[in-house]
Amino acid sequence: MTDKATMLEQVDVQGAVALLKQQFPDAVKDDSRQGYSGVIVNKDSLVEVATYMRDQLGFDYLSSATPVDYHGIEDSMEMVYHAYRTTGGSALVFKAQTDRNAAEIPSLVEVWPGADFQEREAWDLYGIKFPGHPNLKRILLWEGFHGHPMRKDWHEAYYEEDHKPFESRWPEGWVRRAEEMNVYGKNVNYPADLDLSKLSDVSEETLYNDLGLGTSVQHLGSDDQLKTDRLVVNMGPHHPSTHGVFRMIVTLDGETIESLEPVMGYLHRNHEKIGERNTFLHNMPFTDRLDYISSMSNNLGYALAVEQLLAKGARYSPPTYRAEVIRVLMVELTRIVNHYWAIGFLLNDLGAFFTPALYAIAEREKILDFFEATAGSRMMCNYMRFGGVFKDLPERIRSVAVKVNDMVRDYNTMDYLTELINERIPRSIDELDTFLTDSEIIKSRTIGVGYLPPDMAIAYSAAGPLLRASGVPYDVRRAEPYSIYPELDFDVAVRYNGDIYDRYIIRLDEMRESVRILKQLLPRLEKTHGQEIFAGNKQHTPRVPVGESYGRVENPKGELGYYVVSAGDEKGPQNPWRYHVRAPSYINLTALGPMCVGHKVADVVAILGSIDIVLGETDR
Amino acid sequence: MYGKGIAKGLWVTFKHFFATYVDDVRYAGRKYMRQENFGVRQGLNTQGAFTVQYPDEKIAVPERFRFVPFLVTEDQDASRMGEDWCTSCGICAKVCPPQCIWIVRGTNPETGRPVPQPEAFFIDIDICMNCGFCAEFCPFDAIKMDHDYEMASYDRTRHHIHDKQKLSKPSSYWKSIAPTTALEEAAARGGWEHSDIIKSMKKAGQTPVPPTKENMTFEPAKLVEVAQPVAVAAVEAPAAEAPAPKRAAAPAAPAAPAAAGEKKKFDKAAMLEKIRQRKSEK
Amino acid sequence: MAQLDLRELNNTEFPIPDEMQGNVAITSLSKLYNWTRRSSMWPLLFGLACCAIEMIATAASRYDLSRFGMEVMRASPRQSDLMIVSGTVTKKMVVPIVRLYNQMPEPKYVLAMGACASGGGPFKEGYNVVSGIDMYVPVDVYVPGCPPTPQALLYGLIALQKKIDGQSLANMDDVPWYGVGPSEPTPVPILGPDIIDPRQMDLIRRQAELAAKGLPYGVRELPPLKPVSTPVLSKVTPKAAAPAAAAEADDPAKAERQRKRDEALARKRAGEGAAAVAEAAPAAPASGEKKKFDKAAMLEQIRQRKASKG
Ligand code: SF4
Ligand code: SF4
């Protein structure tokens, strides 16, 4: 690396933007719309500019690539990219615009392979073509679906209005199920040019088309070589170890994996389409259902994104210190909950059927009890609000018997927390450690399997434990700190072998670091006891100043980002124009195929387990 | 030594296995018998199995627990007995993320002007995501999150849109399931009464009684306990066969065997009837 | 004895073989049969969404499904009796679900866990979401909640056991799998431009013809909603029930099933009404009592059937 390059890699984002404009005076211009940042790149030179950014300026990590449809504001669509340096710092945001009717933007897969799935999603949901993309197929919906549903002018069967709240709910809210309004009595809608003669399922064929299904014997080598068949195996969507409704089409040579193609969308719940109809606050409980094992940190990411926008307005007061402490407390507990689950089920996938998982789940219950008493629900916490949290911690974790046979518990919250953090969690982490880490079976199943080298991990935009187990010390809590993380003392866990074993170990490490953070929070909680948790007023439908924001947090599964655009109303709209979730589970899967190639078919589930996906987030 | 790791792991499972028996000895066989032991068993110091023997014992849910919402009705103030606290302002319908609340604002049949009473109120619990926003943002504390999670049914078309009758529960019920929260809310309002009443009292120069733990009433005032088949559910054959023995109905109940399954409910229909009579007398 | 028609056995005029006299009664046979089934309900290991996590938590040590004989979660539909549809059913996923359901051996039961599986849930309006699994396969128990807590799920499972307890070997509606021939598989939906339910093919064809002629299609005329005369006391259930009726109108088989169910319900209610009159005590009728009335209804039914045959 030349000195110049090193120097360039140290300029800050403003400097990088200036350099870009200097380098590509015709292709790059500032994004001068109100509330927006970054640059707009002429799409014809996009690949060139992106390559320069990556190689010369050091923005080697493409976090998010997502389309926005500005139908009704401008007649254009744009792709928004957020690139980061793995050494830390804030984002270089760049955009490429295209016409809505012939949407086409050059693919960036060559530059950042991590753009692969994100571009496929953009094609699937927005109908943007990406010349240069090697495999531009639908990813969340099935081949043959009518239309590109995320476009603003595409309406679904149960469409009511563009924005919530709906008129029909009040004051003349006679109840009507949506099914009533539909001829078919269900959530379907066929295009006018429905061709009845062609009503067969094409979605499956397209999946298997290029795989050479039924190819006869491949290797007829010498006698000492095993004769193997080429075989295409379908795993999922109903498979006990796919962590939900995930599906993989695995091409095997004998038992060795030749290629693996993930098929998803079996839990595509149209999160983003619904999210753009919701008001800003409405989305909060929906974020719970993304990564449903760690709802608290999903909440935080979204709250941060919207708070960034709100902060541009006049009447916004940031969360109080106590609110921040509580937020971090919840988020770190969530990390522990998630890693318990991840480790338990990784072992399940390795064949240690349910014993480790049961121990992990039992420990998780202890934390869920606290969540339930504080936020009201075990899983769907819906706890963060813009500018604070739902409510302060309760004085006591207490229940009231209302049913026959109801059994009551009553603990002091702080005592419970103190004991949980100081005793129970460390003990159980140690126990898991003793239980599993040295086991010869686990070692032989995991060491050296599913290797992901660091440069590949970065290129594939892997995040979270997957990235850090490959030796890249990248953690959003340190790279671009938020909340009160700067004042907390903790280390970013890194491991260097990049295999399943390290991904298991790093989760233990991270849990220990979380405990370390939690221990520092306890005195802060004591000190701020009784203080306000809201500096301003809690509003249910705030008007959000126009602009864009990207709030990201280090979720247990990796970097979770929310790209939120507020547009379409000068006064500040009540509904987001664009609401996009950069889901770590989804993007981490880009690396699954390359990681599996060359391993045996039995390793697939273990490798998948070590990525730790959750389908609610993958498919959204 | 090869196999040492596995042996270590097995030692952990072995300890787990025995911890339960150790616990049994520690509680001298009363592990499942005494209420105090439940808290310990479900707490942080438990080592062995901590199974909840549902339905023979149920974990009582914490105060903030949220399941589906219910509407608070007056049962303390004799002059407004049975009326909704809800003023049909529509905020809950507005903040409900999946838009599963339908409200018909009440109108005065003579003048046609809106009155602060909902005419009808529906919640589709097949859509409700139990988020609690409706309860959180209701300015009148008129909609609250219920703690009754035992709601399985055999037929959704008839049971899963809750209408006003099915949603309504007396305010004392809310106080009984969430005493601390109810007290906080009442303190914020300035009295145990509905905030409109408090406002009018203040206007009239009266001061409402400041709410304390002591003057909180859990029992519905002056109510004749009549077990009644409140919802359609109670009449429908299968839903009535509640698996767990629930609180027995009041002894006065004549017929309606199915209602035995329902928790103490006050007879809203009769009460509304009374109110209407009173109104017509006027 | 292999040829014994169980329906006949319940007939009081049925000649009971000498060696069996005083030994077998159909009710206790039903009881035994139900007890065995309800005590070893093996669920299909099959999670869809968030609710699946609560289902796993239910199966784990704290709530412990094995107390109900349900801990043996089978990954293969061939070995399972119960399908817990735990989570949002998407259009893409409903195809495998229907296939799995068809592969399960009878007797089979479906429990819709959570708001999503029951009726679409918070994501109902989404373009890829099925508004309730009962649009495609029959559901026995619905457990509301988002997600239902483990205790709520257990309550639902107990409700399912109760349902099984109430079934009788003598009633062919309860045990259709002992009828003649294999039962009809549920038609598997097709992923076309949108999901296509083969049972609605005619309707779709008619709509497509309308569309081809340029006429409005895909809309349903709705009568305007009228407030009911006694507003405060209104219980506007007819409206709520309307969609079901409408949906059934499109599907004769479903309508037929619904009719049967309604009849059965009416029978049962009649029986219970009698019970209520007969019972002076307010306490809930003992289960034995109920059995008696059920049996009476059943005998009545058999006689009716015979009459209709003859
Ligand atoms: S709990 Fe949430 S989803 Fe349910 S009715 Fe209230 S606001 Fe709507
Ligand atoms: S009902 Fe709620 S918790 Fe269950 S799958 Fe649907 S959204 Fe998730």
Side-chain angles (χ1 to χ4, degrees), chain A residues 140-142 144-146 149 156-160 174-194 196 199-203 237-240 244-245 265-271 273-274 277 285-286 289 292-293 357-358 361-362 365 378-380 615-616, chain C residues 45-50 52-54 56-57 60-62 75 87-88 90-93 95-96 100 120 122-131 135 146-147 149 190-197 200 203-205 207-208 211-212 217-220 222 225 227 236 239-240 242-243 246-247 250:
Chain A
L140 294 178
L141 291 161
W142 61 91
F145 187 82
H146 67 115
E156 56 267 79
Y158 285 172
Y159 172 80
E160 267 190 70
W174 294 104
V175 68
R176 217 156 220 192
R177 280 190 165 131
E179 293 93 319
E180 270 178 273
M181 258 81 93
N182 192 292
V183 207
Y184 307 101
K186 42 183 85 171
N187 187 6
V188 288
N189 192 3
Y190 304 101
D193 55 349
L194 174 68
L196 284 165
L199 282 188
S200 57
D201 213 320
V202 291
S203 57
H238 163 243
H239 187 279
V245 284
Y266 290 94
L267 192 55
H268 178 46
R269 308 193 266 196
N270 330 123
H271 202 93
K273 184 89 180 173
I274 297 174
R277 194 172 299 137
F286 276 98
R289 285 149 183 86
Y292 31 76
I293 297 175
L358 284 179
I361 295 171
E365 292 282 339
R378 291 154 47 88
M379 281 169 65
M380 304 305 176
L615 266 293
Chain C
L45 175 56
F46 162 68
L48 287 179
C50 353
I53 307 296
E54 284 297 57
I56 296 170
S61 44
R62 191 174 199 180
T88 319
T90 61
K91 290 179 183 169
K92 213 172 168 178
M93 192 60 201
V95 183
L100 287 169
F123 298 94
K124 181 173 179 174
E125 62 196 282
Y127 48 84
N128 192 26
V129 175
V130 170
S131 21
M135 297 268 171
C146 181
T149 57
I190 305 163
L191 291 176
D194 203 330
I195 192 143
I196 294 168
D197 189 342
Q200 283 188 324
L203 184 65
I204 294 169
R205 200 159 285 134
Q207 295 291 329
Y217 71 103
V219 280
R220 164 177 274 166
L222 283 172
L225 286 164
V236 203
K239 278 188 213 74
D250 299 339

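Sequence lines set the chain letters: A, B, ... in the order given, protein chains first and strands last, and positions in each chain run from 1.
Note: A:G265 leads A:A157, A:A362, A:G265 in heavy-atom pairs under 4.5 Å with chain C. Contact count versus chain C (heavy atoms, under 4.5 Å) is highest, among A:K186, A:H239, A:K273, A:E156, for A:K186. Comparing C:A60, C:A75, C:A49, C:S61 by heavy-atom pairs within less than 4.5 Å of chain A, the highest count is held by C:A49. Most heavy-atom pairs under 4.5 Å with chain A, from the set C:V129, C:I53, C:T88: that is C:I53. Chain A forms the most heavy-atom pairs under 4.5 Å with one residue out of C:G126, C:A211, C:G120, and that residue is C:G126. Options A:I293, A:I361, A:L358, A:I274 differ in how many heavy-atom pairs under 4.5 Å they form with chain C, and the most are formed by A:I274. Ranked by heavy-atom pairs under 4.5 Å with chain C, the list A:A357, A:P149, A:G616 is led by A:P149.
To the nearest 0.5 angstrom, A:W142 atom CH2 is 5.5 Å from C:D194 atom CG. In this structure, OH in C:Y127 is found 11.0 Å from NE2 in A:H146, a value given to the nearest 0.5 Å. Distance NZ/C:K91 to CG/A:N270: 8.0 Å, rounded to 0.5 Å. Here the CG atom belonging to C:N128 is positioned 11.0 Å from the CZ atom belonging to A:R269, to the nearest 0.5 angstrom. We find the NZ-CZ distance between C:K92 and A:F145 to be 11.0 Å, quoted to the nearest 0.5 Å. Between C:S131 atom OG and A:E179 atom CD the span is 4.5 Å, to the nearest 0.5 Å.
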Please step through side chain to side chain contact (heavy atoms under 4.5 Å, CB included) for the pair C:Q207 and A:Y190, ending with a clear verdict.
CA-CA 9 Å; C:Q207 295 291 329; A:Y190 304 101; over 6 Å; no

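Under the 4.0 Å criterion applied to side-chain N and carboxylate O atoms, C:E125 and A:R277 are assigned as salt-bridge partners.
With a 4.5 Å cut-off on side-chain heavy atoms, C:C50 and A:R289 count as touching. Using a 4.5 Å heavy-atom threshold, the side chains of A:Y184 and C:D197 count as separate.
Heavy atoms closer than 4.5 Å to chain A are found nowhere in C:A52, neither backbone nor side chain. For chain A, the nearby parts of C:P122 are the backbone and the side chain; heavy atoms of each come within less than 4.5 Å. Of the two parts of A:A178, the backbone and the side chain both hold a non-hydrogen atom closer than 4.5 Å to a non-hydrogen atom of chain C. Only the side chain of A:Y292 comes within contact range of chain C, judged by heavy atoms closer than 4.5 Å.
Shown here for A:E365 and C:A57, the closest heavy-atom pair between the two residues is OE2-CB, 3.8 Å.
Between the side chain of C:T90 and the backbone N or O of A:H268, no donor-acceptor pair lies under 3.5 Å.
Ring orientation note: the planes of C:F123 and A:H271 are tilted relative to one another, at an angle of 30° to 60°.
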